[in-house]
Amino acid sequence: MEDEYLAEPFRIKMVENLKITDRKYREEAIKKGHYNLFCIDAEDVYIDLLTDSGTSAMSDSQWAGIMMGNQAYAGSRNYKHFEDVLRGIFGYRHILPTHQGRASENLLFSSIVKKGNVVPANSHFDTTRANVESNGGIALNLVIEEAYDTEKILPFKGNMDLEKLKECIKKEGKNIPLILMTVTNNAGGGQPVSMENLKAVSKIARENKIPFFIDACRYAENSYFIKMREKGYENKTPLEIAREMFALADGCTFSAKKDGLVNIGGALAFNDDALLEIVREKLILIEGFTSYGGLACRDLEAVAIGVMEALQEDYLKNRIGQTQYLGDKLKEGGVPMVLPFGGHAIYVDAKKFLPNIPQSQFPAQALGCELYCEAGVRGVEIGTATFGKTENGKAVYPKLELLRLAIPRRAYTNRHMDVVARALINIYKRRDKLKGLKMTYEAKSLRHFTAKYEKL
Ligand SMILES: Cc1ncc(COP(=O)(O)O)c(C=O)c1O
């Protein structure tokens, strides 16, 4: 379809009615949730941009596939379909189903990460970091320095800094059990990684005999960015690009809740036969048998169909286009964001939005709460609450302080995006009136999920 005529490449067959609330109601709801957006009822949210994970609208084909579930403890035909389709994309010998991405991370890292090991990545996402650390490892972010400059426009701001990676290998040598590349780079603004960078990392990993894994959550979106932005890939399909990407690595962790277009599901895929021996035992112990991995077999069918839909070019054009649409609207209103816009989300730069609130007072979290009160829109903090920590009694702050607005796939229209933009721009106009937050409770690990705050 010609660009000027391409709107949504689907039409709506079923709707979910939304509860409409007023500001007073929302102020009470957020207070009751201790100013933590994870702790309010989803029903009380009008436009839910907390995550793009597990929130996609499934297609009629996927729902039909669910009805064709062949529920069996072992050897379900849905598993065979899942295995065939994922092997056709990833190309790896072993395809293990899991219930979601973090289960794949747990299986992989608990098998190969030992106490004191260093795991370099462009950027680790929260569960990835937590799974490395819970196995005694050190999760190291080696993304290019420009990734921390939110205004710098670069086509592939998710790239790994190759010099830093070489230095890390020189220093740590055999202490590195694997190198990880997150595509797209969720913790750093949903920015893509170029094929050139993937090739270079793969070469370094192979020269040093270090396994190289891809965190493949948004690999289809990354493939589309490569097609749009990298020379030589204009005429390749997203599927061809994805295959080329995966061929450079030894395996991947995958949360199908993103580019699998499903509400639940994941996979761990790799070539190493010795690793299979270790991982398979754990899979059976903690997730389930190797032909269902913590899922109902019908869910495997929905993944097998969903991953192919997510690789369709018209779908990807619309998907990335909707994120761009929201970003363009916000830009018109002067809202500071991570540029260029990411694939699955817009990341508001809270340090620049609220320069009057120091990081010790959680500016991105405060902005998220205000956006919810303003229009019932829920985003998520990716800043001090998520990645900050206390070391030797001293607070350590992350370089980026962001409010992520992650757009569920095929779920909202651009009129919803207009509301999000209008609400945020209205807050921007009175930004100097906003106040920060004080954290009154924090868990030892992944504190942002359950933290409690008080308004200052
Ligand atoms: C980059 C990245 N890796 C891993 C995960 C974990 O996936 P899951 O939520 O399915 O456990 C996420 C989830 O958002 C993610 O964005």
Side-chain angles (χ1 to χ4, degrees), residues 37-38 48-56 86 96-110 119-134 139 141 143 147 157-160 178-193 213-223 225 245 249 251-269 283 286-287 293-295 299-300 302-303 306-307 310 323 338 342-347 378-382 386-387 400 402 404-409 445-446 448-449:
L37 291 155
F38 285 105
D48 204 347
L49 308 187
L50 181 77
T51 179
D52 62 321
S53 178
T55 50
S56 297
L86 289 192
L96 301 173
T98 60
H99 81 276
Q100 64 183 91
R102 69 198 70 185
S104 311
E105 291 162 5
N106 180 350
L107 289 165
L108 179 65
F109 298 156
S110 68
V119 180
N122 47 350
S123 304
H124 292 267
F125 199 57
D126 58 356
T127 59
T128 325
R129 170 171 294 276
N131 268 301
V132 169
E133 289 174 354
S134 75
N141 288 348
V143 70
K157 248 169 123 176
N159 281 356
M160 181 97 80
L178 80 154
I179 297 169
L180 192 72
M181 186 76 107
T182 312
V183 298
T184 57
N185 190 23
N186 192 7
Q191 301 292 320
V193 178
F213 274 70
I214 293 177
D215 176 341
C217 286
R218 299 176 182 84
Y219 76 95
E221 291 171 7
N222 200 84
S223 302
F225 277 120
M245 272 169 39
C252 69
T253 55
F254 178 49
S255 166
K257 295 170 72 176
K258 286 87 168 167
D259 281 351
L261 293 174
V262 291
N263 305 129
I264 194 76
L268 173 61
L283 180 73
I286 64 173
E287 282 281 282
L295 293 166
D299 296 324
L300 298 167
V303 174
V307 283
T323 310
V338 173
H344 66 294
I346 290 297
Y347 293 69
R378 174 160 70 169
V380 74
E381 193 255 22
I382 303 212
T386 309
F387 289 119
L400 294 173
L402 307 170
R404 188 189 71 176
L405 305 170
I407 306 177
R409 293 163 181 81
S445 167
L446 295 167
H448 51 295
F449 288 117

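Note that ligands are numbered from 1 as they come in the structure, with each ligand's atoms numbered from 1 the same way.
- Using a 3.5 Å distance cut-off with no hydrogens or angles, the side chains of Thr386 and Asp126 do not pair a donor with an acceptor.
- Side-chain N or O atoms of Tyr347 include none that pairs as donor or acceptor with a backbone N or O of Ala187 at under 3.5 Å.
- Ligand 1 is surrounded by Ser53, Gln100, Gly101, Arg102, Glu105, Phe125, Thr127, Thr128, Thr182, Asn186, Asp215, Cys217, Arg218, Ser255, Lys257, Lys258, each with at least one heavy atom closer than 4.0 Å.
- In this structure a side-chain-to-backbone donor-acceptor pair under 3.5 Å is present from Asp48 to Leu50.
- Distance check, rounded to the nearest 0.5 Å: CG of Asn141 to NE2 of His124 gives 5.5 Å.
- Looking only at distances, no side-chain donor or acceptor of Thr184 sits under 3.5 Å from a matching main-chain atom of Asn222.
- Residues passing the side-chain contact (heavy atoms from CB on, under 4.5 Å) test with Cys217 are Asp215, Ser255, Lys258, sequence neighbours excluded.
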